[in-house]
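Working notes for the structure below.
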There are 2 protein chains.
Amino acid sequence: MVEVVRNTRQRRAVQAILDELESFVSAQDIHDKLRHRGEKVGLSTVYRNLQTLVDASEVDALRNDDGEVLYRRCSAGHHHHLVCRQCGRTVEVEGPTVETWADAVAREHGFTDVAHTLEIFGTCRSCSR
Amino acid sequence: MVEVVRNTRQRRAVQAILDELESFVSAQDIHDKLRHRGEKVGLSTVYRNLQTLVDASEVDALRNDDGEVLYRRCSAGHHHHLVCRQCGRTVEVEGPTVETWADAVAREHGFTDVAHTLEIFGTCRSCSR
DNA sequence: GCTGATTTGACATTCGTTCTCATCATTTCC
DNA sequence: GGAAATGATGAGAACGAATGTCAAATCAGC
């Protein structure tokens, strides 16, 4: 049997939330928002669907200082995030210089299979007023 | 009243472990290593002392993919880490270009109070054989 | 509609970390 | 020196995010 990815109400609901937001949110945030708008979706289901979306590279995930994983719908391809500390609003940024620098430094020290994580945090204009 | 930081046996033991290692380790790793060598130190104490050291900027902390916090004695000043995925061995690296780039990008988008996190992961020479 | 594999959800469980609080150790003050 | 104040410890409880369990519900294809 072919592995079918079903189009369930719950999955659509989770994706709908993500489509509306341009900030990183936790799984529990999404769960709360869904309950608020009357959609009944189990917490496990939210986690499962988010994991599926991450595996499909349709959303990006990162951890905040508290160790919570935050999710956000993102464009394809390698990029980094400029995240507002207050409201979580996020801008995707690219930095070719950084990529090449990281690779070069790693190779200099004999490291292979190089990957890197880079996030920039700050206070956005509307939050700093 | 002067706030004294006491030099206890347990604190010295935790610092001793950190001094011997050049890889990132978890609090529980340290706890295990201490028990192995016969030092009896409570887990809470290990966590507390690590937190103190982080606050004093004497050790750096970062999270691995599993959400565990890893600790390592580090030199002062802003730097980044090149970490081996297999053995955890770490090289401190500096990248002035990255710093200025991150600041510039953030300011372009109206962000203030800018900070960033950057870690490079790879497989070190001895682990790739 | 039927069928059967996928998905869901309530609940239990795991795991790293923090909290609590009684006890022990060190300093301070007389 | 000795008593009181303050700091540090540790065993276990508590916490919270995340994952596992499994019977019941649900969707896709016929």
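The model shown is predicted, which means the values in this text are computed figures rather than measured ones. In what follows, chains are A, B, ... by sequence order, proteins preceding strands, each numbered from 1. Hydrogens, waters and symmetry mates are skipped; everything else that's a heavy atom, side chains included, is used.
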TODO: Find the distance between NE2 (His36(B)) and CD1 (Ile17(B)) and round it off to the nearest 0.5 Å.
DONE: 11.0 Å
Task: Value in whole Å for how far the P atom of dA17(D) lies from CG of Leu62(A) - done: 16 Å
- [ ] Nearest whole angstrom, please: distance from the P of dG16(D) to the CD of Glu68(A).
- [x] 11 Å
Task: Mutual orientation of the aromatic rings belonging to His80(B) and His116(B) [parallel < 30°, tilted 30-60°, perpendicular > 60°] - done: tilted
TODO: For the residue pair Phe24(B) and His81(B), categorise the inter-ring angle as parallel (less than 30°), tilted (30 to 60°) or perpendicular (more than 60°).
DONE: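 Perpendicular, since the angle between the ring planes exceeds 60°.
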- [ ] Evaluate the salt bridge (Lys or Arg N to Asp or Glu O under 4.0 Å) criterion for residues Glu119(B) and Arg63(A): first the C-alpha distance (whole Å), next the side-chain angles of each, then the deciding distance (0.1 Å), finally the verdict.
- [x] CA-CA 14 Å; Glu119(B) 314 291 344; Arg63(A) 265 178 215 279; over 6 Å; no
Open item on the list: Salt bridge check, Glu39(B) against Arg12(B): does any charged N sit closer than 4.0 Å to a carboxylate O?
Closed with: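 Judged by the 4.0 Å cut-off on N to carboxylate O distance, Arg12(B) and Glu39(B) do not form a salt bridge.
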TODO: Any chance you could list the contact pattern along nucleotides 7-13 of chain C? Use B for base contacts, S for sugar-phosphate-only contacts and - for none, protein heavy atoms under 4.0 Å, 5' to 3'.
DONE: SBBBB--
- [ ] Can you establish whether the number of heavy atoms outside Arg9(A) located under 6.0 Å from its atom CZ is more than 12?
- [x] yes
TODO: For Asp66(A), answer base if it contacts any base atom (sugar-phosphate contacts may also be present), sugar-phosphate if it contacts only those atoms, and nothing otherwise; contact means non-hydrogen atoms under 4.0 Å.
DONE: nothing
Task: Distance-only donor-acceptor check, side chains Asp32(A) and Gln28(A), under 3.5 Å - done: no
Task: Pair Ser26(A)-Asp29(A), side-chain donor/acceptor within less than 3.5 Å - done: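 A donor-acceptor contact under 3.5 Å links the two side chains.
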Open item on the list: Does dT17(C) have its OP1 or OP2 closer than 4.0 Å to a side-chain nitrogen or oxygen of Tyr47(B)?
Closed with: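 For dT17(C), OP1 or OP2 has a side-chain N or O of Tyr47(B) closer than 4.0 Å.
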- [ ] Report the end-to-end axis angle of the helix from dG1(C)-dC30(D) to dC30(C)-dG1(D); each axis comes from five terminal pairs, and the value is rounded to 10°.
- [x] 30°
